[in-house]
Visitor: 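Below you'll find the structure I mean.
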Amino acid sequence: MPKLTIDGQEIEVEAGTVLIQACEQLGIEIPRFCYHERLAIAGNCRMCLVEVSPGPPKPQASCALPCADGMVVKTNTPMVKKAREGVMEFLLINHPLDCPICDQGGECDLQDQAMMYGSGSSRYHEHKRAVEDKYMGPLIKTQMTRCIHCTRCIRFSTQVAGVPELGAFGRGEHMEVGTYVEKAVTSELSGNLVDVCPVGALTSKPYAFTSRPWELKKTETIDVMDAVGSNIRVDSRGQAVMRVLPRVHEDVNEEWISDKTRYACDGLRVQRLDRPYIRGVDGKLAPATWAEALKVIADRMRMLQPNEMAAIAGNMVCAESVMTLRDLLDGMQINHRDCRQEGAALSTAQRSHYLFNSGIAGIEQADVCILIGANPRYEASMVNARIRKAWLKGSLKVYNVGAETDLTYPYEQLGSDPRILAEIAAGKHPVCKLLESAKRPMLVLGMAALARNDSATILASAASIAKRYNFVRDGWNGFNVLHTAAGRVGALDLGFIPGPKGYNIGKIFDGCRRGDIKLVYLLGADEFDMGLLCDAFVVYQGHHGDDGAHVANVVLPGAAYTEKDATYVNMEGRVQRAKRAVFPPGEAKEDWAIIRALSDALGKPLPYDNINQLRERMLKVAPHFARIDELALEKWTDIEMEGQLVISDEPLDAYINNFYMTDPISRASKTMAECAREVLNLQMKRAA
């Protein structure tokens, strides 16, 4: 390990560490534009110059110079100061003086570093260069005259996103960055280009000219657009969410988020439920008071037997609302309930049976990955980015059993016939030899495999593969379920599954068809055919006027994820807390409080009156809810299935066909509608 001295401080670093990283370890700030710790080194902005001895008598780029034993580095000498001033002067020769109207104003690296390291004057008075703006789709606004050719955007799209659609063309002063042809960037991670741009060349098109960063209230919370649980910051002004940005969490989303997480927030403002509604005899929903709505529900529930009522929890529900609803149902002896809207066959005998057990960060330790009915690119974009990262390191081989698609990294297609799993489990497939020698193998079961008529058999076959090839071993569990719903794991943890002799979601629909189920309580449940509820009395509690509200007899307005303090559990079993950024609109209330009020109307009040008491109740049911932001290797037992294993020859198809519209919020978003119209068309043309 090399030992060197930086500004009089001695430090020992790992081999391969570059100078700029060593300086950061000592807390010494080095200016930079092109360097980014998650991207390959380019070394083309020259802003990170330092003085190094022994070496040539000139400043050197610290981002591209590996540390060596005996180096003496000085970061703040007159030579370094003059060199940085010269670099900044060159960068500003052609940069436009439009800071007052730039969306990056107040958050611009160039602006900040020009103030800190610039000379304050320029010797150049020639006309500034003008570059035509490029079109990059509905999400990214370009002002390419501001571009300083740091190439961060090119390296991100090529290395992290795996969509090499950006590049540089021309040379010298004629160099320009763009997509070569005028078209949208077809990556589901394209919004991160705005974050990596150190100047205002790439900015957010939906956010353009709406606010300044210093007038926004910043709230650190959790994303619910998928089951990854990306850490985000919600910026709001008054009662409006203005934008969503990523927060750094190395084990979950690093510092990236998907475009749906970032840009669907405009859907929070439209089609909102802001007051209770009751459907009258004329078939139309009419506004009502809370007391009237709760009385109608309570009167109807008192008329029915427990086995004539059922409840379904949706994909974006928080753990608090699930716990409250389950307690209400238990108090009324209602056992027909389910949180798996797509009917996924998941074993709940052990918590590890339905988790992404290797952990999202653990993907980087795997050497073999088998995707089974999973498309992580659109079902969990940050998981896909991790798989690509592991592949780039050369440590991961990927195999796919399912629909063939572009995952942004190469993989071996084993076919879409799920019967291949039986061959692998029996040791009769060519991939078996690789699995036998793998040190950390993993499989990823997607909803396309688990939401079929033969899904229980597919689950059993996957479990057999895991058992035969030791996917579960000391310190490693490679059996992974790829969830798509943010509220799913939390609901399973809290037991929102059929009780004794209770119906699952398929049997609930059958009961509605027969007329046995006369009342269905939908807690944010919108992702199924509402016609399956037939003539049942429907209570819908949610935050958007989506499918559930259209068929409801009573509508109760709830709070969206940005409007409540709540707990979510991501696919790997990590318990995380969301914070309220704004208040719900109109008369809408937090979901657990609505159900608590309904228990009063029913004359069966629940034994908690505030969220702290409710969370104490959650800890009694699931003690791991006390481990906030912790990940532990859960106990594992083999998944046992009864009966003969017969897998259908029906091919595994894609589970998500439209990445941009998968929930009530994104379906209400104008920005997501534009993406669906433009980006999806480009992807379809390219696939054809």
Visitor: Counting N and O atoms only, with roles assigned by atom type, does the side chain of Q341 sit under 3.5 Å from a partner on the main chain of E527, one being a donor and the other an acceptor?
Guide: yes

Visitor: Mark yes when over 12 heavy atoms from residues, nucleotides or ligands other than D629 sit less than 6.0 Å from its CG; otherwise mark no.
Guide: yes

Visitor: Could you tell me whether E342 and R488 make a salt bridge, using a distance below 4.0 angstrom between a side-chain N and a carboxylate O?
Guide: yes

Visitor: Can you confirm whether more than 12 heavy atoms, excluding those of D535, are under 6.0 Å from its CG atom?
Guide: no

Visitor: Tell me whether S455 contacts the main-chain N or O of A451 through its side chain, where contact means a donor paired with an acceptor under 3.5 Å.
Guide: no

Visitor: Are F509 and F528 close enough that their ring centres sit under 6.0 Å apart?
Guide: yes

Visitor: Treating E572 as the side-chain partner and I360 as the backbone partner, does any N or O pair qualify as donor plus acceptor under 3.5 Å?
Guide: yes

Visitor: Is D510 paired with R513 through a side-chain N to carboxylate O contact shorter than 4.0 Å?
Guide: yes

Visitor: Parallel, tilted or perpendicular for W636 and H353, by the 30°/60° rule?
Guide: perpendicular

Visitor: With side chains defined as the heavy atoms from C-beta onward, is the minimum distance between D338 and I312 less than 4.5 Å?
Guide: no

Visitor: Evaluate the side-chain hydrogen bond (donor to acceptor under 3.5 Å, both in side chains) criterion for residues N307 and Q305: first the C-alpha distance (whole Å), next the side-chain angles of each, then the deciding distance (0.1 Å), finally the verdict.
Guide: CA-CA 5 Å; N307 62 357; Q305 297 299 316; over 6 Å; no

Visitor: What verdict does the side chain to side chain contact (heavy atoms under 4.5 Å, CB included) test give for Y655 and T662, after you've listed the backbone C-alpha separation in whole Å, the side-chain angles of each residue and the deciding distance to 0.1 Å?
Guide: CA-CA 11 Å; Y655 180 69; T662 56; over 6 Å; no

Visitor: Between N253 and D223, does the side chain to side chain contact (heavy atoms under 4.5 Å, CB included) criterion hold? Intermediate values first, please.
Guide: CA-CA 11 Å; N253 59 302; D223 170 57; over 6 Å; no

Visitor: What I'd like to find out is whether the side chain of P664 reaches to under 4.5 Å of the side chain of M316, using heavy atoms alone.
Guide: yes

Visitor: Salt bridge between E634 and R627, side-chain N to carboxylate O under 4.0 Å?
Guide: yes

Visitor: Salt bridge check, E320 against R615: does any charged N sit closer than 4.0 Å to a carboxylate O?
Guide: yes

Visitor: Would you tell me whether S352 and N357 have side-chain atoms, one donor and one acceptor, within less than 3.5 Å of each other?
Guide: no

Visitor: For a 4.5 angstrom cut-off between non-hydrogen side-chain atoms, does L482 reach V383?
Guide: yes

Visitor: Output yes when a side-chain donor or acceptor of N384 lies under 3.5 Å from a complementary backbone atom of L407, and no otherwise.
Guide: yes

Visitor: Is a side-chain N or O of N477 found less than 3.5 angstrom from the main chain of F479, in a donor-acceptor match?
Guide: yes

Visitor: Within the side chain of H544, is there an N or O that forms a donor-acceptor pair under 3.5 Å with the backbone of G267?
Guide: yes

Visitor: How about P418 and R452: do any of their side-chain heavy atoms sit closer than 4.5 Å?
Guide: yes

Visitor: Take atom CD of Q333 as the centre, draw a 6.0 Å sphere, and report whether it contains more than 12 heavy atoms from other residues, nucleotides or ligands.
Guide: no

Visitor: Are the side chain of Q413 and the backbone N or O of G402 linked by a donor-acceptor pair below 3.5 Å?
Guide: yes

Visitor: Tell me whether D493 is salt-bridged to R351, with the criterion being a basic N under 4.0 Å from an acidic carboxylate O.
Guide: yes

Visitor: Less than 4.0 Å between a side-chain N and a carboxylate O, is that true for E590 and K564?
Guide: no

Visitor: Working note: F496 + V317, criterion side chain to side chain contact (heavy atoms under 4.5 Å, CB included); need CA distance, chi angles, decisive distance, verdict.
Guide: CA-CA 12 Å; F496 204 87; V317 293; over 6 Å; no

Visitor: With a 4.5 Å heavy-atom cut-off, do L602 and L328 have their side chains touching?
Guide: yes

Visitor: Could you please spell out the steps behind the side chain to side chain contact (heavy atoms under 4.5 Å, CB included) verdict for L273 and Y540?
Guide: CA-CA 11 Å; L273 300 174; Y540 178 78; 3.8 Å; yes

Visitor: Between the main-chain N or O of S666 and the side-chain N or O of D663, is there a donor-acceptor pair closer than 3.5 Å?
Guide: yes

Visitor: Between the side chain of R473 and the main-chain N/O of K439, is any donor-acceptor distance below 3.5 Å?
Guide: yes

Visitor: Closer than 4.0 angstrom, basic N to acidic O: yes or no for K397 and D367?
Guide: no

Visitor: Determine the interplanar angle of the H483 and Y354 rings, folded into 0 to 90°, and report it as parallel if under 30°, tilted if 30 to 60°, perpendicular if over 60°.
Guide: perpendicular

Visitor: Determine whether a donor-acceptor pair (N or O, by modelled atom type, separation under 3.5 Å) exists between the side chain of N470 and the backbone of V472.
Guide: no

Visitor: Give a yes or no on whether a salt bridge exists between R337 and D330, defined as a side-chain N under 4.0 angstrom from a carboxylate O.
Guide: yes

